[in-house]
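Here the structure is laid out as structure tokens; the discussion comes afterwards.
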Amino acid sequence: MLLQRDAQGQPIAIRREDYAAPAFWIDTVDLTFDLDPAKTRVLNRMQLRRNPEVPAQPLRLDGDELNLARVLVNGQGASFRMEGDQLVIDGLPDAFELELFTTCCPIKNTKLMGLFVSEDTFFTQCEAEGFRRITYFLDRPDVMAMYTVTLRASKAAYPVLLSNGNLVDQGELPEGRHFAKWVDPFKKPSYLFALVAGKLVAREQRIKARSGKEHLLQVYVRAGDLDKTEHAMNSLVNSVLWDEARFGLPLDLDRFMIVATSDFNMGAMENKGLNIFNTKYVLANQATATDADYSNIESVVGHEYFHNWSGDRVTCRDWFQLSLKEGLTVFRDQEFSQDLCADASARAVKRIEDVRVLRTAQFPEDAGPMAHPVRPDSYIEISNFYTVTIYEKGAEVVRMMQTLVGRKGFEKGITLYFERHDGQAVTCDDFAQAIADANPDSELARLLPQFKRWYSQAGTPRLAAHGVYDAQNRSYTLSVVQSCPPTPGQQTKEPFVIPLNIGLLDAATGRELPMQLEGESDVARGTRTIVLSRAGEQITFVGLDAEPVPSILRGFSAPVILDFAYTDAQLLTLLANDPDPFNRWEAGQRLGLCAALQAIAAHATDTTPVLNDAYLDAMRGVLRHPQLDAAFKELVLTLPSETYIAEQLDVVDPQRVHLVREAMRAQLATALFADWEQAYEDNKDTGAYTPDPTSSGRRALAGMALNFLCLAARASGDTVWPGKTLQRFKDAGNMTDRFNALNALVSSGHTLAAQALARFHAMFKDEALVIDKWFSLQAGASDRGGDILPLVKQLMKHPDFSLKNPNRARSVIFSYCSGNPGAFHRADAAGYVFWSERVIELDAINPQVAARLARALDRWSKLAEPYRSAAREAIARVAAKPDLSKDTHEVVTRALAGN
Ligand code: TRP
Ligand code: ZN
């Protein structure tokens with residue numbers, strides 16, 4: 001067994017290849033809590049037995065910040081010793097009862113791991129290694145036990161007492177106390193344990209499953225928030241119905257609970273039958289939440305619910321397998337949101353949004369010092385590996401499997417996976433094997449060992465493609481060479497299995513061409529999936545009268561970078577005609593990106609136009625298009641982000657990137673002024689508020705139009721549109737319209753912004769999630785002459801600011817350091833100094849949040865001077881701090897080692 005620090009006190013890495021089965025199993029756990037914020041008593045009675053397959057060794061239980069008062073083996077006092085944080089007991093029989101009595105201090109728990117207090121309510125967070133902060137335990141996911149939990153607390157202070165499973169008993173105790181006893185009918189790993197105790201109210205709904213069985217669904221919140229739970233409840237009902245309809249996976253509990261807390265490190269947690277959520281992903285009404293909030297709530301409620309099977313019924317053998325549950329569950333929540341869409345356009349919009357997240361967040365991770373495979377080989381702190389690679393790239397790996405076996409084949413694979421592994425803790429290999437075994441004739445089954453390189457090799461593969469038309473043979477040959485850059489610890493890579501979805505368009509008419517591969521007799525229409533598996537391949541299409549425009553990587557069929565030297569004319573053809581909406585959008589992005597990269601390379605001044613007339617005409621064409629949906633138009637008209645543009649460069653001058661992108665925005669604003677006016681008029685009224693894709697798409701486009709109109713007004717000195725925008729801000733019937741108007745004033749730097757911001761704060765001073773928006777909008781606003789950093793420092797002195805609340809810290813500090821590159825990367829290094837101070841300050845409070853912030857400088861080695869040296873110095877300053885948490889230590893040392 002590994003200790004977590006070496007002789008010098010340095011954290012040491014845990015390696016996947018060192019996995020060993022546990023020396024003991026825990027069959028049952030009986031926990032009794034006497035809840036008290038300052039001193040909670042935990043009585044833990046467990047039945048253990050030796051694992052006969054492992055050589056005899058002492059029992060080593062994990063603990064963290066616990067006070068141990070008693071250890072009994074079979075009711076007798078037992079001798080034990082402490083080795084670091086571990087409780088070690090020798091000479092145990094093969095089977096025995098172990099009773100432990102410990103106390104902990106929830107009120108001082110600022111890490112928000114284990115048992116903590118938020119607004120006078122007790123919550124737990126145990127994934128990944130928080131249960132050891134509640135009691136000594138074999139705190140690893142392959143030890144699965146049956147839990148019985150008794151909660152005791154003051155009835156007045158904590159009227160609601162919740163834990164996993166079914167409520168089997170409750171009643172009064174002396175001195176104004178009461179108790180509740182819960183039994184979870186399923187065995188589970190310790191990371192899925194949860195309890196909640198406090199003053200909460202619930203929205204309830206009963207639903208009937210296909211089997212006719214009734215279930216009780218509950219959403220618990222604080223008393224004032226009940227009017228914001230309808231959407232979360234609807235999302236939960238939809239999730240239950242969808243998992244049963246799409247994958248045949250039913251709800252397996254009589255009662256399923258969601259509880260919201262405003263102090264939470266991440267989005268939400270899938271504890272069996274008792275999901276705990278960040279309020280951000282539960283609370284919504286039209287006055288306080290935007291369309292984006294509504295859509296995130298639907299995704300996160302779905303995600304946690306789907307974990308009930310993919311995570312809880314079948315869990316991970318060890319934390320290296322994290323993507324087994326997270327990649328699969330993100331894939332499932334993405335499919336859920338798509339399936340809830342009424343039409344193909346809305347589905348495509350969801351796909352584009354998902355790919356945008358992957359490319360702006362995961363691709364940089366895969367190219368930086370924290371790059372790791374979807375199934376990592378080692379870690380120092382597992383909390384650092386809840387990453388976009390594990391989640392979003394992991395979901396793409398699952399999606400490729402679906403592409404290779406087909407939708408029906410994938411459903412068969414999922415069925416086999418749950419049949420085989422129900423109640424087990426398994427590996428990514430087990431998952432891939434089940435999907436392949438259910439589809440023995442598929443390309444996945446044929447190429448399985450090679451396909452699994454997606455789990456073992458880090459880095460984003462690149463496809464270099466080029467096409468040659470042969471007029472003589474009326475054929476078109478696409479050559480594709482794949483490569484993958486080195487990543488930390490992996491210098492060379494073997495070829496991946498890449499499903500490549502392709503279509504061909506007629507260059508003259510833009511119409512889709514029939515496709516016939518050389519040597520094939522049948523002609524196919526629409527999209528074909530070509531499965532690449534070698535380093536270089538050639539694909540020849542025959543029967544073509546002219547050189548076609550290839551539409552490659554349709555629907556983003558693999559998480560790769562496609563290099564193809566498209567001409568502007570080809571991209572304009574795709575943008576105008578591609579029946580694949582993803583590639584239609586992508587063509588516009590490529591055009592915008594090329595313009596940006598050229599302007600950055602040309603060292604032009606900010607008055608030089610970046611965008612040519614062909615691009616502007618094409619964008620006008622999209623904006624005015626009679627058939628395209630507003631949501632899709634808004635995506636096409638959104639320029640590639642500064643982060644995405646920076647990723648394409650070898651050396652990044654963030655100020656230059658910012659300047660060029662701002663110039664492009666200004667040009668879009670003025671050149672399309674009349675079109676923005678029209679788009680605003682056409683989309684500004686969406687009637688009674690509903691968060692459906694069609695009306696939210698129209699609000700998004702109207703909001704974008706307002707933004708550009710205010711930006712154009714800034715250049716021209718016009719006051720009409722800013723005035724109208726302020727009026728819109730005041731009159732808005734929902735948060736989306738109100739916030740978009742506020743954003744238009746703030747981001748154009750208009751003088752009216754100040755009064756709108758003040759009014760917004762006054763209106764929503766008691767709505768924490770809205771105040772987060774108020775902070776984050778200001779900290780993320782476009783920088784003009786270095787004004788944002790002083791503002792951020794001012795905001796941190798605001799009475800509503802708190803470093804201890806993760807949502808609030810994120811709304812100010814992360815919005816600035818991670819979300820506002822133009823303001824953060826200052827030539828005077830003041831942004832980096834601010835960052836290092838906040839990382840150190842946060843690390844003492846909450847290491848998980850600090851380590852996330854630490855990643856804001858991941859890509860420092862790509863920066864141009866003077867940014868590069870200044871950033872490095874700031875990271876080194878953090879790394880030199882003694883007593884850094886394992887979390888932050890791992891991030892900054894990897895950043896420095898990277899280059
Ligand atoms: N498993 C959770 C999810 O993906 C996320 C999670 C992991 C988490 N560790 C956490 C949430 C710590 C809060 C705190 O749904
Ligand atoms: Zn998850």
Side-chain angles (χ1 to χ4, degrees), residues 64 109-116 118 123-134 139-141 164 188-194 196 232 235-236 239 243 258-282 296-316 319-337 357 374 376 379 381-395 398 428 431 805-807 809-810 846-852 885 887:
D64 183 24
N109 184 356
T110 59
K111 296 181 181 173
L112 308 181
M113 290 298 289
L115 179 63
F116 62 92
S118 164
F123 291 92
T124 54
Q125 172 56 41
C126 294
E127 187 176 6
E129 298 179 335
F131 192 70
R132 64 187 63 183
R133 296 168 57 77
I134 296 173
D139 194 12
R140 44 186 287 168
N164 317 82
K188 64 169 174 287
S190 53
Y191 81 87
L192 292 174
F193 166 82
V196 173
S235 302
L236 181 56
S239 303
D243 216 9
I258 285 178
V259 192
T261 170
S262 54
D263 293 280
F264 210 57
N265 285 350
M266 302 221 230
M269 180 63 213
E270 70 265 24
N271 318 299
K272 184 78 187 185
L274 181 58
N275 290 356
I276 297 180
F277 274 60
N278 189 322
T279 44
K280 185 174 161 62
Y281 298 110
V282 175
N296 290 335
I297 289 168
E298 178 183 285
S299 292
V300 179
V301 168
H303 181 97
E304 305 312 329
Y305 176 75
F306 304 140
H307 267 315
N308 189 48
W309 279 93
S310 49
D312 297 4
R313 287 287 284 258
V314 178
T315 193
C316 304
W319 292 120
F320 297 104
Q321 319 298 328
L322 182 56
S323 195
L324 171 78
K325 74 177 177 79
E326 295 305 346
L328 175 56
T329 305
V330 171
F331 170 81
R332 276 153 56 68
D333 83 55
Q334 290 176 348
E335 291 287 286
F336 165 63
S337 294
V357 169
V374 168
Y379 60 77
E381 170 52 61
I382 185 57
S383 298
N384 286 330
F385 288 81
Y386 288 76
T387 61
V388 274
T389 297
I390 302 296
Y391 279 68
E392 270 71 24
K393 187 178 182 179
V398 175
C428 297
F431 177 76
N805 177 263
N807 285 358
R810 284 187 279 256
N846 187 327
Q848 281 186 14
V849 176
R852 295 257 158 197
S885 68
D887 311 57

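Only this structure's heavy atoms are used, side chains among them; waters, hydrogens and symmetry mates stay out. Both counts, for ligands and for their atoms, begin at 1 and track the order of listing.
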- Are F320 and F385 close enough that their ring centers fall under 6.0 Å?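 Aromatic pair excluded; centres sit 6.0 Å or further apart.
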Taking only heavy atoms of [X], which atoms of ligand 1 are found under 4.0 Å from at least one of them?
X	result
E270	1 (N), 2 (C), 3 (C), 15 (O)
M269	1 (N), 2 (C)
E304	3 (C), 15 (O)
H303	3 (C), 4 (O), 15 (O)
F264	11 (C), 13 (C)
A268	2 (C), 3 (C), 5 (C), 11 (C), 15 (O)
K325	1 (N)

- Item | Minimum-distance pair of heavy atoms, taken over all atoms of D139 and A128 |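 That closest heavy-atom pairing would be OD1-O, 4.2 Å.
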Less than 3.5 Å between some nitrogen or oxygen of [X] and one of ligand 1, yes or no?
X	value
E326	yes
E127	yes
Q848	no

- Would you indicate which of F306, Y386, Y281, Y391 comes nearest to atom 3 (C) of ligand 1 when only heavy atoms are counted?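 The nearest heavy atom belongs to Y391.
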- Query: In terms of residue, atom name and distance, what is the protein heavy atom nearest to atom 12 (C) of ligand 1?
  - Reply: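 It is Q125 NE2, 3.2 Å.
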- Message: How far is atom 11 (C) of ligand 1 from the closest protein heavy atom, and which atom is that?
- Response: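 Its nearest protein heavy-atom neighbour is M266 CB, 3.4 Å.
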- Item | Qualifying residue for side chain to side chain donor-acceptor pair (under 3.5 Å) with H307, from T329, D333, N275, D312 |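 With H307 as partner, T329, D333, N275, D312 yield a single side chain to side chain donor-acceptor pair (under 3.5 Å), made by T329.
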- side chain to side chain donor-acceptor pair (under 3.5 Å) with H303: which of E326, E270, R332?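 One option only clears the test, and that one is E326.
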- Query: For atom NZ of K280, is the number of surrounding heavy atoms from other residues, nucleotides or ligands below 6.0 Å larger than 12?
  - Reply: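 Open.
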- Starting from the Zn ion (ligand 2), look over the N/O/S atoms of E326 and name the nearest one.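 That would be atom OE1.
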- Query: Are the charged groups of R132 and D64 less than 4.0 angstrom apart, N to O?
  - Reply: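 D64 and R132: not salt-bridged.
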Does any donor atom in the side chain of [X] or [Y] lie under 3.5 Å from an acceptor atom in the other side chain?
X	Y	answer
N271	N164	no
Y386	E127	yes
N805	D263	yes

- Query: About how many Å separate CZ of F306 and CD of E335, when rounded to the nearest 0.5 Å?
  - Reply: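 Going from CD on E335 over to CZ on F306, the span is 10.5 Å.
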- Item | Per-residue contact class, S383 against ligand 1 - non-hydrogen pairs under 4.0 Å |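 Neither part.
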- Item | Residue part near ligand 1, for E129, under 4.0 Å between non-hydrogen atoms |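 The answer is neither.
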- Task: Ignoring hydrogens and angles, tell me if any N or O in the side chain of N278 forms a donor-acceptor pair with the backbone of A268 under 3.5 Å.
- Result: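 A pair under 3.5 Å: no.
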- Can you give me the NE2-the Zn ion (ligand 2)-NE2 angle for H307 and H303, to 10°?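 That angle is 100°.
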